[in-house]
Amino acid sequence: MNNMLKYGVFSIAAIIISFIFLKPIIMHENEYKVVIINTSERPVSSVTISGAGTKPNTIGPIRVGHMQDYFFIPPQDGELTYSIKQANQEFSGIINANLKKEEVGQKYIVVGELFKVKVFDEYDAAY
């Protein structure tokens with residue numbers, strides 16, 4: 001019984017310690033998050049996110065009704081921009097005009113019908 005108690009305490013301690021160290025990594029709590037949501041009637045060919053000291057990163061394609069996210073830690077202050085290619089058209093804009101070094105947060109880029117793009121701090125399926 002004494003060995004069972006030791007293993008039980010060790011197991012509980014290991015689970016708690018693992019949760020404390022792994023939760024920020026899994027939940028991306030110390031990173032900046034950009035989510036691209038395609039609510040339009042056409043697929044998005046690619047999205048390039050650049051600025052704020054980061055290398056331009058291209059993600060996509062994003063199917064109709066789907067989303068993709070991009071996580072990073074801003075290495076310096078600056079402007080964060082996007083460039084979206086959809087149906088032989090390209091449009092760009094600003095995600096965050098004043099992104100700070102190592103800032104944590106999230107932005108949602110919603111690609112809607114008629115090539116309209118909106119940037120939100122929070123997203124609800126009602127948009």
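Numbering starts at 1 and runs along the sequence shown. All values below were derived from every heavy atom in this structure, side-chain atoms included, with hydrogens, water molecules and symmetry-related copies excluded.
- Between Phe72 and Leu80 the shortest side-chain heavy-atom distance falls below 4.5 Å.
- Linking Ile, Leu, Val, Met, Phe, Trp and Tyr whenever their side-chain heavy atoms come within less than 4.5 Å puts Leu99 and Val119 in one cluster.
- Taking CG of Asp121 as the start and CG of Asn96 as the end, the distance is 8.5 Å to the nearest 0.5 Å.
- Residues Ile12 and Ile20 share a single hydrophobic cluster, defined by chaining ILVMFWY side chains whose heavy atoms lie under 4.5 Å apart.
- The CD1 atom of Ile36 lies 4.0 Å from the CD1 atom of Ile49; values are rounded to the nearest 0.5 Å.
- Looking at Pro75 and Thr54, their side chains come closer than 4.5 Å, going by heavy atoms from C-beta outward.
- Note that the CD atom of Glu41 and the CG atom of Leu114 stand 6.5 Å from one another [nearest 0.5 Å].
- Minimum heavy-atom separation, Phe115 to Phe91: CD2-CE2, 3.8 Å.
- Heavy-atom minimum distance, Arg63 versus Pro43: CA-CB, 4.4 Å.
- Note that CD of Gln106 and CD of Glu31 are 12.0 Å apart. Values are rounded to the nearest 0.5 Å.
- In this structure, the side chains of Lys100 and Pro74 stay at 4.5 Å or more apart for every pair of heavy atoms.
- Annotation: side chain of Asn38 is not in contact with side chain of His66 (no heavy-atom distance under 4.5 Å).
- Atoms OG and CD, on Ser50 and Glu79 in that order, are 9.0 Å from each other to the nearest 0.5 Å.
- In terms of heavy-atom proximity, Tyr32 sits nearest to Val104 at CD1-C, 4.0 Å.
- Within the model, atoms NZ of Lys55 and OG1 of Thr48 stand 15.0 Å from one another, a figure rounded to the nearest 0.5 Å.
- Criterion: ILVMFWY side-chain heavy atoms under 4.5 Å apart, direct or through other members. Under it, Tyr108 and Ile94 are not part of a common hydrophobic cluster.
- Contact record, Arg42 with Val64: C-CG2, 3.5 Å, taken as the closest heavy-atom pair.
- The side-chain heavy atoms of Tyr70 and Val47, taken from C-beta on, include no pair separated by under 4.5 Å.
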Original post:
Checking side-chain contact (heavy atoms from CB on, under 4.5 Å) for the pair Ile62/Val111: CA distance, chi angles, key distance, verdict?
Top reply: CA-CA 10 Å; Ile62 305 171; Val111 181; over 6 Å; no
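- The heavy-atom pair separating Ser46 from Thr58 by the smallest distance is CB-CG2, 3.8 Å.
- The minimum heavy-atom distance between Glu90 and Lys85, with the atom names listed, is OE1-CE, 3.3 Å.
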